[in-house]
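Below is one structure, written out as structure tokens; comments come after it.
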Amino acid sequence: MHKDLKLCNYDYVLPKELIATYPIEPKENAKLLIYEREKNKLTHSHFGKLDEFLPPCAIFFNDTKVIKARIFGTKKSGARIELFLHGAFSEFEFLVQIKGRVKVGEFLSFEKDLKAEILELLDDGRRKVKFIQNQTLLDSTKLYELLDLIGHIPLPPYIKRKDELSDESNYQSIFAKNLGAIAAPTASLHFSKEMLELLKAKHELYYLTLHIGAGTFKNVECENLSEHKMHSESFFINDEAAKIIKSKTPILGVGTTTTRSIEYFYRTGIQSGACDLFLHPFNKPLRQDYLLTNFHLPKSTLIMLVASFIGREKTLELYKLAIEKGYRFYSYGDAMLIL
């Protein structure tokens with residue numbers, strides 16, 4: 001097996017103190033590592049200077065909006081329960097993760113007279129449920145509206161603290177529009193309104209939607225990457241964005257989810273549905289030219305996507321340098337620009 005297909009070769013050691021638990025304020029002060037492939041040139045800068053490094057290109061963002069997917073309630077016995085929404089299974093059925101033992105037919109109670117009925121216990125540990133409020137069955141639109149009132153922002157598992165009021169804005173991009181994600185497209189979190197206005201002066205900005213699911217945090221379990229089954233996530237690309245992807249205009253993708261959507265559409269011509277594209281050094285990007293992204297978990301599909309642009313060895317080399325320079329990692333961390 002080629003070394004670039006071995007899971008163990010995507011590992012690195014990260015000091016715990018470099019896991020960002022809060023974002024930098026102001027956003028422009030985040031560190032930015034710039035790697036220019038043709039020159040094999042590395043530059044350390046700050047996000048506020050992003051535009052100084054960008055070549056002429058169209059910039060694509062993911063405008064998904066994070067649901068307040070974590071809610072707390074009680075069982076009939078009075079025992080406390082925590083439910084984490086993963087997404088819609090059908091119009092009135094949802095996949096969830098529940099902390100605590102439950103059985104089929106059981107009802108869980110939450111604020112605002114919301115109830116969840118357990119429909120099925122799945123082998124992967126998730127549960128299929130339906131939600132009811134005042135005897136009315138809820139679809140995703142009504143459920144998401146209610147969760148906005150009673151739910152909690154689903155911070156990633158590596159942020160070892162409870163969500164706070166500030167996370168409601170910090171863990172949401174300023175252009176978040178379409179509800180459906182249970183994790184933020186974190187490269188987008190760096191952008192302020194001022195930064196977007198600055199970019200608009202020189203670049204065309206485009207938006208697509210990919211609703212990030214729990215699979216983004218799922219471990220790769222097979223040693224041979226060619227055997228890994230990628231999780232699928234709902235996406236939509238409008239006609240205007242699709243036209244640019246079909247053209248020869250250079251493209252900067254902001255974040256891994258934007259990249260996967262662009263590359264999936266370029267390969268299939270499909271503008272909406274379920275995206276399950278897995279990018280790695282043996283499945284490299286075919287359309288997107290540049291990538292802006294954060295620093296990702298070891299052995300994750302996200303670090304493998306970065307390696308699909310610059311190779312596994314160069315990825316690990318840059319991560320090692322970022323650690324030495326004290327870059328902050330993961331969702332609230334610093335950024336990398338690949339040109």
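Computation of the quantities below employed the complete heavy-atom set of this structure, encompassing side-chain atoms and omitting hydrogens, waters and symmetry-equivalent molecules. All residue numbers refer to positions in the sequence shown, counting from 1.
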Indicate yes or no for a side-chain donor-acceptor contact from [X] to the backbone of [Y] under 3.5 Å, with no hydrogens or angles considered.
X: N170; Y: S166; result: yes
X: D334; Y: A30; result: no
X: Q97; Y: R127; result: no
X: K31; Y: K325; result: yes
X: Y290; Y: C57; result: no
X: N238; Y: E240; result: yes
X: N294; Y: A335; result: no
X: H203; Y: A201; result: no
X: E117; Y: K130; result: no
X: R287; Y: Y264; result: no

Can you list every pair that meets salt bridge (charged side-chain N to carboxylate O under 4.0 Å, His left out) and has a residue in [range], with sequence neighbours left out?
range: residues 250-263; value: E233-R260, E263-R267
range: residues 45-60; value: D51-K202
range: residues 85-113; value: K75-E106, E82-K99
range: residues 10-28; value: none

Y332 and Y171 aromatic ring geometry - parallel, tilted or perpendicular at 30°/60° bounds: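 Correct class here is perpendicular.
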Would you say [X] and [Y] make side-chain contact, with heavy atoms under 4.5 Å?
X: L50; Y: L198; value: no
X: P250; Y: P56; value: no
X: K68; Y: E168; value: yes
X: P55; Y: L339; value: yes
X: Y10; Y: D4; value: yes
X: I323; Y: V13; value: no
X: I303; Y: Y319; value: yes

Test side chain to side chain contact (heavy atoms under 4.5 Å, CB included) applied to Y207 - qualifying residues, sequence neighbours left out: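 Partners of Y207 under the side chain to side chain contact (heavy atoms under 4.5 Å, CB included) test: F61, D63, F175, L196, L205.
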Partners meeting side chain to side chain contact (heavy atoms under 4.5 Å, CB included) with D123 (sequence neighbours left out):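 In terms of side chain to side chain contact (heavy atoms under 4.5 Å, CB included), with neighbours along the sequence ignored, D123 is linked to no residue.
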[X], [Y]: one ILVMFWY side-chain cluster at the under-4.5 Å cut-off?
X: I132; Y: L95; value: no
X: F110; Y: L119; value: no
X: Y35; Y: L252; value: no

Is the ring centre of [X] less than 6.0 Å from the ring centre of [Y]?
X: F295; Y: Y327; result: yes
X: H2; Y: F282; result: yes
X: H228; Y: F278; result: yes

Rounded distance (nearest 0.5 Å) linking atom [atom1] of [X] with atom [atom2] of [Y]:
X: L286; Y: I262; atom1: CG; atom2: CD1; result: 12.5 Å
X: K162; Y: R70; atom1: NZ; atom2: CZ; result: 11.5 Å
X: L337; Y: T43; atom1: CG; atom2: OG1; result: 9.5 Å
X: M304; Y: T315; atom1: CE; atom2: OG1; result: 11.0 Å
X: L138; Y: L143; atom1: CG; atom2: CG; result: 6.0 Å
X: H46; Y: N29; atom1: NE2; atom2: CG; result: 6.5 Å

Among side-chain atoms of [X] and [Y], is any donor-acceptor pair under 3.5 angstrom?
X: N224; Y: S226; result: yes
X: H211; Y: T64; result: yes
X: K115; Y: S109; result: yes

With a cut-off of 3.5 Å and sequence neighbours excluded, list every side-chain donor-acceptor pair involving residues 150-161.
residue, atom, partner, partner atom, Å
H152, ND1, D163, OD1, 3.2
H152, ND1, D163, OD2, 3.2
Y158, OH, S331, OG, 2.5
K160, NZ, P157, O, 3.1
R161, NE, T21, O, 3.0
R161, NH1, D167, OD2, 2.9
R161, NH2, T21, O, 2.8
R161, NH2, D167, OD1, 3.0

Lys/Arg N to Asp/Glu carboxylate O, E197 vs K193, below 4.0 Å: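 K193 and E197: not salt-bridged.
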All ring-ring contact (aromatic ring centres under 6.0 Å, His included) counterparts of Y266, not counting sequence neighbours: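 Counting only residues at least two positions away or on another chain, Y266 forms no ring-ring contact (aromatic ring centres under 6.0 Å, His included).
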Candidate pair K320 and E317, rule salt bridge (charged side-chain N to carboxylate O under 4.0 Å, His left out), full reasoning: CA-CA 5 Å; K320 183 174 183 290; E317 177 188 327; over 6 Å; no
Qualifying side-chain hydrogen bond (donor to acceptor under 3.5 Å, both in side chains) pairs, either residue in residues 133-146, two or more places apart: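 Pairs touching residues 133-146 that pass the test: none.
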Residue pairs involving residues 271-281 (criterion side-chain hydrogen bond (donor to acceptor under 3.5 Å, both in side chains); sequence neighbours excluded):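 Residue pairs with at least one partner in residues 271-281: D239-Q271.
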Derivation and outcome, side-chain contact (heavy atoms from CB on, under 4.5 Å), residues V66 and I182: CA-CA 5 Å; V66 180; I182 62 169; 5.8 Å; no
Matching residue for F94 among F84, F131, F89 - test: ring-ring contact (aromatic ring centres under 6.0 Å, His included):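 Option passing the ring-ring contact (aromatic ring centres under 6.0 Å, His included) with F94: F131.
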CA sep, side-chain torsions, deciding dist, call: T209, N178, side-chain hydrogen bond (donor to acceptor under 3.5 Å, both in side chains): CA-CA 7 Å; T209 305; N178 297 304; 3.0 Å; yes
Which residues share a salt bridge (charged side-chain N to carboxylate O under 4.0 Å, His left out) with K299, sequence neighbours left out: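 Once residues adjacent in sequence are excluded, K299 has no partner under the salt bridge (charged side-chain N to carboxylate O under 4.0 Å, His left out) criterion.
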By salt bridge (charged side-chain N to carboxylate O under 4.0 Å, His left out) - contacts of K39 (at least two apart):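 Result, salt bridge (charged side-chain N to carboxylate O under 4.0 Å, His left out) vs K39: E36.
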Atom CD of E204 with >12 non-hydrogen neighbours under 6.0 angstrom: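 No, CD of E204 has 12 or fewer neighbouring heavy atoms, counting only those of other groups under 6.0 Å.
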